[in-house]
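None of the values given here were measured: they were computed from a predicted structure.
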Amino acid sequence: MKFEFLFLLSLFLAKIPNFYLLPFLKSSFLTSQALSRIIIILLFFYLLIFKKNLFEKIFKKNPLISIIIGLFFLSCSLSIINALNLESFFSRFKDIAISFLGFFVFSYFQKKDKKIIKVFKIALIVNFLYQLLFVFSLENFLKEIIYQKHFDLVLAKLTNNQLYLDTYDEIIIPFLIKDLSFLNFIFLFLILFFAFLSNIRSRILMAIFALFFSLSFFKKKSLQKISMIFSLIFITGYLANLLISSAIGYSFVDRFLIEDKSRDQMPLEARKQQINLSFEMAKGNLFGIGLGNYFDNLSSLEKNQFIFTKKEKQRLSFGAMEFVHNIFGSFLAETGFLGFLSLLILIILFLKKDFYDFKDEKKRPWIIGFWTLFLYGFFNPPIPFSYQILFWGLRGI
């Protein structure tokens, strides 16, 4: 029972914004996500000592996937060979390694799925309140509590009229659709509303993707429920568009229509350029440039682009350049073709397995949730611990 509580606590801490445990002592070692990491590590070693058969069962159930996962994490480890910045390497490697341990921890607690979903919902409430504070310009209440790097990035995004949040609430949509109670409908409305309000295209795509595939929970005769979902999308989108347009003069509609070149088109072009650079960095480099070393391998001219921008824009510019905004491009550069190919094979195997498992209604929301999360990583850096632990955790379940 104690271990179950610790697991659920760790999940909750990973699903809400990272905050200081002791605000008067601001240290990266004393944050909510640091505690989440510690709990995952402790639970893993508990399983390793007392539940050895778990690892044997996982391997026997999916031997090929297990081997490819092992190869992928081996490639992540070997990427240290060419790393220029060891501090950045270990910062990235730490989260990937702990999330790998989380794969086994989540797998062990997979039968606690109902409690896991409850934790998701409780975290939703916290994340809604968190976003509301920024909407009403009350972020000063959070300044001394929220982890500084995350808080700075959120403020930088706000200067670009975007509401950033690395909690990926959109992955919960299939669980809400499956059991569409009144409370779940309210949760669904708020997830959609804040996704549209964020002005971040990837969040909106995640929400629409999750909703579209979640319609499979409805029987053919459930036209009323299907029409209700489409009405919900239209209403939330309309309200968010009206609110944002009146406040700042443009909204997510303009962003999808690429009305402004610098704001809407250039980020897309930058992503293409990053993937091309990833390929160049990986050429003739079996083990890659090292986890977290993408920025260190950019030319001086590219690095200096953000230095001469206005102070409030520097963090945003640096965040856009520091990491590749694509999961495949990121691992191609950092772990070389060995890591890239093992990840690509792994994703194909996941697709194949999920295609056959999709008919199982119990597994379906987890499958939709995982690919909704993957969609985010396809357009953004798969860097935060909250992303990594959910990516491997959902696969473990």
Run the side chain to side chain contact (heavy atoms under 4.5 Å, CB included) test against S75 and tell me which residues pass, sequence neighbours left out. F72, T335, L338, S342
Check for a donor-acceptor pair, side chain of S36 on one end and backbone N or O of S32 on the other, with a separation under 3.5 Å. no
Using the rule given for side chain to side chain donor-acceptor pair (under 3.5 Å), can you reason through D152 versus Q148, listing the C-alpha separation, both sets of side-chain angles and the distance that settles it, and then say yes or no? CA-CA 6 Å; D152 288 344; Q148 191 66 51; 2.8 Å; yes
By side chain to side chain contact (heavy atoms under 4.5 Å, CB included), L242 pairs with (sequence neighbours left out) Y238
Work out which heavy atom in S66 is nearest to a heavy atom in N62; give both atom names and the distance. OG-O, 2.7 Å
Mind checking whether L215 and F230 have side chains closer than 4.5 Å, heavy atoms only? yes
Compare all side-chain heavy atoms of S278 with those of S330 and state whether any distance is below 4.5 angstrom. no
Here the pair of heavy atoms bringing K353 nearest to R395 is CD-NH2, 4.5 Å
Go through the steps for N184 and K121 under the test side chain to side chain donor-acceptor pair (under 3.5 Å), then give the verdict. CA-CA 9 Å; N184 285 351; K121 291 180 181 179; 3.0 Å; yes
Validation row: L180, M228 side chains within 4.5 angstrom (heavy atoms): yes
Could you note down all residue pairs passing ring-ring contact (aromatic ring centres under 6.0 Å, His included) where residues 240-262 supplies at least one of them, sequence neighbours left out? F196-F252
Ion pair E280/K283, N-O distance below 4.0 Å: yes
Which pair of non-hydrogen atoms, one from L165 and one from P17, has the smallest distance, and what is that distance? CD1-CG, 4.0 Å
Any side-chain to backbone donor/acceptor pair from E334 onto G288? Under 3.5 Å, distance only. no
Among F44, F73, Y387, F374, exactly one meets ring-ring contact (aromatic ring centres under 6.0 Å, His included) together with W392. Which residue is that? F73
Salt-bridge present (D95, R37; N to O < 4.0 Å): yes
Got a sec: does the NZ of K143 have more than 12 other heavy atoms crowding it under 6.0 Å? no
CD1-CD1 distance between I16 and I125, expressed to the nearest 0.5 angstrom: 12.0 Å
Is it the case that the side chain of T372 and the backbone of I368 share a donor-acceptor pair, with hydrogens and angles ignored and the cut-off at 3.5 Å? yes
Name the orientation class of the two ring planes belonging to Y376 and Y168 (parallel below 30°, tilted from 30 to 60°, perpendicular beyond 60°). perpendicular
Taking only distance into account, with no hydrogens and no angle test, what donor-acceptor pairs under 3.5 Å do side-chain atoms of residues 46-55 form with protein atoms, sequence neighbours excluded?
none

Hey, quick one: are F328 and L351 part of the same hydrophobic cluster, counting side-chain heavy atoms closer than 4.5 Å, chains of contacts allowed? yes
Which residues end up grouped with F59 if you chain together Ile, Leu, Val, Met, Phe, Trp and Tyr wherever their side-chain heavy atoms are less than 4.5 Å apart? I67
Grouping I, L, V, M, F, W and Y whenever their side-chain heavy atoms are under 4.5 Å apart, do F337 and L74 come out in a common cluster? no
Connected-component partners of Y356 among ILVMFWY, side-chain separation under 4.5 Å: F355
Hey, any chance L9 and L30 share a hydrophobic cluster, counting ILVMFWY side chains that come within less than 4.5 Å of each other, even indirectly? no
Lys/Arg-Asp/Glu bridge criterion (N-O < 4.0 Å) met for R203, D169: no
Restricting to ring pair (Phe, Tyr, Trp, His ring centres under 6.0 Å), what partner residues turn up for F385, sequence neighbours left out? none
Could you pull out all donor-acceptor pairs under 3.5 Å where a side-chain atom in residues 101-114 meets a protein atom, sequence neighbours excluded?
unit_1: Q110; atom_1: NE2; unit_2: S107; atom_2: O; d: 2.9
unit_1: K112; atom_1: NZ; unit_2: E4; atom_2: OE1; d: 3.4

So, E269 versus Q273: side-chain donor-acceptor pair below 3.5 Å or not? no
Mind running side chain to side chain donor-acceptor pair (under 3.5 Å) on S88 and N293 for me, showing each step along the way? CA-CA 6 Å; S88 293; N293 275 244; 5.3 Å; no
Roughly how far apart are L124 CG and K118 NZ, rounded to 0.5 Å? 15.0 Å
Keeping the roles fixed (side chain from S386, backbone from D166), state whether a donor-acceptor pair exists under 3.5 Å. yes
Using the rule that Ile, Leu, Val, Met, Phe, Trp and Tyr join whenever any side-chain heavy atoms are under 4.5 Å apart, tell me whether L11 and L43 fall into a single cluster. yes
pair R92-E87: side-chain heavy atoms closer than 4.5 Å: no
Neighbour count above 12 (heavy atom, 6.0 Å) for F350 CZ: yes
State, yes or no, whether a side-chain contact exists between I96 and L291 at a heavy-atom distance under 4.5 Å. yes
Hey, mind stepping through I117 and I172 against side chain to side chain contact (heavy atoms under 4.5 Å, CB included) and telling me if it holds? CA-CA 8 Å; I117 295 167; I172 307 168; 5.7 Å; no
Say you draw a straight line from CZ of R255 to OG of S198; how long is it, rounded to the nearest 0.5 Å? 9.0 Å
Sorted by chain and number, sequence neighbours left out, side chain to side chain contact (heavy atoms under 4.5 Å, CB included) with E139 holds for F134, S137, F151, L155
Tell me if the centroids of the rings in F209 and F213 come within less than 6.0 Å of each other. yes
Restricting to non-hydrogen atoms, name the atom on L158 and the atom on L163 that form the minimum distance, rounded to 0.1 Å. CD2-CD1, 4.4 Å
Can you name the closest pair of heavy atoms from K15 and T167 and give their distance? NZ-O, 2.6 Å
I'd like to check the ring pair (Phe, Tyr, Trp, His ring centres under 6.0 Å) partners of F12; sequence neighbours left out, ordered by chain and number. none
Would L42 and F3 show up in the same hydrophobic cluster when neighbours are defined by side-chain heavy atoms closer than 4.5 Å? no
Can you run down the ring-ring contact (aromatic ring centres under 6.0 Å, His included) pairs that involve residues 14-40, sequence neighbours left out, and say none if there aren't any? Y20-Y147
Those residues that, when tested against F340, pass ring pair (Phe, Tyr, Trp, His ring centres under 6.0 Å) (two or more places apart): none
Min side-chain heavy-atom separation S99-F391 under 4.5 Å: no
Non-hydrogen side-chain atoms of I177 and I173 separated by less than 4.5 Å: yes
L192 and I204: CA distance, side-chain angles, deciding distance, side chain to side chain contact (heavy atoms under 4.5 Å, CB included) verdict: CA-CA 8 Å; L192 281 172; I204 298 170; over 6 Å; no
Could you walk me through whether I244 and N161 pass the side chain to side chain contact (heavy atoms under 4.5 Å, CB included) check? CA-CA 9 Å; I244 304 172; N161 298 310; over 6 Å; no
Could you go through the side chain to side chain contact (heavy atoms under 4.5 Å, CB included) check for F175 and D179 one step at a time? CA-CA 7 Å; F175 301 99; D179 180 24; over 6 Å; no
I want to check something: taking the side chain as every heavy atom from C-beta on, are N380 and R271 in contact at a cut-off of under 4.5 Å? yes
At their closest point, which heavy atom of E361 faces which heavy atom of P365, and how far apart are they? O-CD, 3.1 Å
